[in-house]
Colleague: 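Encoded as structure tokens, here's the structure I'll be asking about.
It should be emphasised that the depicted structure is a prediction, and the values quoted were computed from it without experimental measurement. Atom set for the values below is all heavy atoms of this structure, side chains included, hydrogens, waters and symmetry mates excluded. Order of the sequence lines sets the chain letters (A, B, ...), proteins ahead of strands, with each chain counted from 1.
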Amino acid sequence: MSSRYNHREVEPKWRARWADAKIDRALSPEEAKGKKKAYVLEMFPYPSGRIHVGHSRNYTMGDVIARFRRANGYNVLHPMGWDAFGLPAENAAMERGIHPKGWTYDNIAAMREQLKLLGLAIDWSREIATCDPAYYKHQQAMFLAFWKKGLVYRKKQKVNWDPVDNTVLANEQVVDGKGWRSGAPVETRELEQWMFKVTAYADDLLAAIEKLDKWPDKVRLMQSNWIGKSQGAKVWWEIAHAPDFLPPSPAGEPNHARDPIEVYTTRPDTLFGASFLALAPDHPLTKAIAAHRPDVAKFIEDCARLGTSEADIEKAEKFGVDLGIRVKHPFDESWELPVWAANFVLSTYGTGAIFGSPAGDQRDLDFANKYKLPFKPVVLPPGADAATYTVTKDAFTDDGVIYNSRFLDGLSTRDAIKRAIEELVKLGRGEATTQWRLRDWGVSRQRYWGCPIPAIHCAKCGVVPVPEKDLPVALPDDVTFDKDKPGNPLDRHPTWRNVKCPSCGGDAQRETDTLDTFVDSSWYFARFTDPNNEAAPFDKALANYWLPVDQYVGGVEHAVLHLLYARFFTRAMRDCGLLDLQSGEPFASLFTQGMVVHETYKSQSGAWLLPEDTDIKDGKRVELTTGATVEVGAIEKMSKSKKNVVDLDAFVNDFGADVARWFVLSDSPPERDVEWTASGVKGAWGFVQRVWSLVEAHGRPAPKPGEDAPAAANEGEALALRQLAHRAVQSVTDDIENFRFNVAVARSYELVNAIAKLKGDDEGKVFARGEALRILSQLIAPFMPHLAEECWEKLNFAPFVATAAWPVADPKLAARTTVSLPIQVNGKKRGEVEAPVGAPEADVRELALAHPAVKPFLEGVTIRKVIVVPDRIVNIVAN
RNA sequence: GCCCCAGUGGCGGAAUCGGUAGACGCAGCAGACUCAAAAUCUGCCGCAGGCAACUGCGUGCCCGUUCGAGUCGGGCCUGGGGCACCA
């Protein structure tokens, strides 16, 4: 009689044995001699509180790869750490009076225990937390090194300012143009901020994308669009008239209000369609005029209320104001155009000024229509008639033939761009130029819970770096988060700020800004290579050995920023001599996994409900305690805020870690979202039981890999099972290698079905069954490591399936000898023949034409062509 | 608004190079075992028509390329991710 598989006993037992044997420890390069290295890394978590099953997918995927590599003989580095600085800790501090440090470390402790429940093959001796001074000390040193290297500078930047809370707001804290806590309309302010010169590497960051051939194409495309190299022209528009209050232009003074306005355009071919110039609200000229014109000042204020988010600015209704300036058209002195300020012109891109060519740009057209500015089309779409073609509401932005444009008439868009630039250069009114969308990285945050920026402000010496011997600049613990005293607690700390200037020894103040948390996550993968190094961020030789990360796994939401910053940082670290990685690319292969989603539930009072607090009664979802009907909402990403989470502890207790792991990898392709459902859990649970009962029922040691099979195992049903098992080895190996975990799961089901189907206990069948069970245990080991160990032991192997060599398929057993060929007539399947693999074309053709199911469709028609694709298909073309 | 991605039975999905659409799982239906139920096992299971053999239709929508399209191209629709201070 078979006993039930008891995960509550089995899982902790194997975790303890793995830990005792230290099988997850990454070997040093010396210990690993002869082995290839594999660095497998999942994006490390923010310690938000508790782990739910949604988080587990990311780590499980990485774990499958890590275990698979280990079985294939690699020296594996698979570490875990905590992205531990950030806003939620401060929010918790403000809302619940808990110190961010205590909150964070409590969360880390809880989440570490939860993660361990999953049985991940992680080298816990390398755990790091970014909020640990032992970590950020090196980050501060790197900041100083970058500074020395000219990669750090200070610049004024716009921020969202809450005038009631007196604090800077993150974009996410701006809701409908208002501060999320105060509800006050947001203002924009300019603050002096620390910047990283990402643009210094713009060319290389773009060019190197081509070599990242193990990254998803979509991510590579998003990266290159983000960097956004564009070829275009600068055009200088001379002032024809300006208000008298603008002072006359003194010779040689740069950026003077009466200087020609510099505009960047990618479409100089449409210059003859220009109908106005538009400046950004914070263009120097707009500001200069606002000083004298209340309506312009009001316009700037209205724009400020939109916040700093590009999405919000571009989605807002277009509005502008005529600045009362007239400029001369670069190709015709007598042609004057008005200059406006407009909310949709971004000061952060190009020169912060554009020329509006309404027929060829939708935003310009909307703006021209709103303010009744005249315009005419200059690009004729292919096939359109110049005499009748007009543009009213829809701009034509594609290529066409230029007309209404004097010397450009008749040229294609591409030729006209060249010709127009030539002319601009000849007239001294412009030049060809390359423009980047990529901006430098503003890293200053006016917050407490982040890495302090190691700089000191001295009245005499200016901004001075903290000497390296004084690092770390540690965060003070004694801070308060009173609601009535908002802003950065470091700013109002009584003593922490006050220091002596390292340069002159006089009284000076510490920088109170901290670093963007993206900085913390831009080098953690390098720290993992040598996490306990006190003298340096990491030993150069160790970083050289382990980097780049061979497999990085994380969410697509990081496809642009985090990955770009990490790529920048790695180049900067290389150029500061910290490591030798020539490519500067931290992640050789990237996989972006989908989210775990779940239905959302709301009580009748509108409060979110946990799934575990609801139940289904008579086909309706009701509240467990009251029986009241529950409103079932959208299927969304598991998140604490919507409570559609399934807690990991409870789940592991009920079903086991293996079921959770198996479930998140089954059914849905890894890159797509997976919906957490009770029925899916049931399927995974049933599979665990089924595998175990087969192993128990077998009740014998299994043959060892490579052991000679008795003759009886190579005929009939036994042979069929052996063939299927060896094909499963090929398929699953290939599926894991290519991140098709859901397909690997399906193949495992097939193998289990086949094992269960083989009845009888003769010598051949026992061998085939034992072999298949051994293979099954090994194939599922990366997915369900605890169950696999238990099976492995029962089949009389030791010590661990986790450290056993990955199975190898016997090519003779895995190979197919015949193949079924569909026969089509005019592309429709009409029959099927079984043919030997590699059968000559002529034979196949004959078989197909003679096929009884096909013949009727060939009567009364002429056969035009017979297409035979070897081992795949036959198509008869007839009419 | 801009950039990127996805869409296949009742449901999750498979089809890896343009070559049998629906592997595998879930749900459902029928049967076996059982006093009964659960569990387990066996079989069926895209839609429409047909007693059946079989026929027609079918991969979000429209158009195209091809002997052949879920897969390639063009145009839409719907959902999701990102847009620089959420991580």
Colleague: Applying a 4.0 Å non-hydrogen cut-off, can you work out what A:S668 is touching in the nucleic acid: base, sugar-phosphate, or nothing?
Modeller: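 Sugar-phosphate, backbone atoms only, no base.
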Colleague: In whole Å, what separates the P atom of B:A37 from that of B:A30?
Modeller: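 So the two P atoms sit 13 Å from each other.
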Colleague: Considering only B:U16, B:U20, B:A87, which nucleotide approaches the side chain of A:D734 most closely?
Modeller: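 When the side chain of A:D734 is considered, B:U16 is the closest of B:U16, B:U20, B:A87.
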Colleague: Considering only B:C83, B:G25, B:U20, which nucleotide approaches the side chain of A:D667 most closely?
Modeller: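 Nearest to the side chain of A:D667 among the choices is B:G25.
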Colleague: If each of A:Y749 and A:N875 is mapped to the nucleotide of RNA chain B with the nearest heavy atom, which maps nearer the 5' terminus, i.e. the 5' end?
Modeller: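 Its nearest nucleotide being more 5', the pick is A:Y749.
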Colleague: To the side chain of A:A170, which of B:A15, B:A84, B:C86 is closest?
Modeller: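 Taking heavy atoms from C-beta onward, the closest nucleotide is B:C86.
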Colleague: Checking one value: the base orientation of B:G43, syn if chi is within 90 degrees of 0, otherwise anti.
Modeller: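 What B:G43 shows is an anti base, its glycosidic angle lying more than 90° from 0.
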Colleague: Could you tell me whether A:E671 and A:K218 have a side-chain N and a carboxylate O separated by less than 4.0 Å?
Modeller: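 Between A:K218 and A:E671 there is no salt bridge, as every charged N stays at least 4.0 Å from the carboxylate O atoms.
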Colleague: Kindly label the base of B:C62 as syn or anti, based on whether its glycosidic torsion lies within 90° of 0.
Modeller: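 Anti conformation for B:C62.
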Colleague: Between A:D213 and A:R220, is the closest basic N to carboxylate O distance under 4.0 Å?
Modeller: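 No salt bridge links A:R220 with A:D213.
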Colleague: With a 4.0 Å cutoff (strictly under), does any side-chain N or O of A:N742 reach OP1 or OP2 of B:C24?
Modeller: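 No, outside the criterion.
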Colleague: Taking the six-membered ring for Trp, is the centroid-to-centroid distance between A:F663 and A:W685 below 6.0 Å?
Modeller: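 They do not qualify: ring centres at least 6.0 Å apart.
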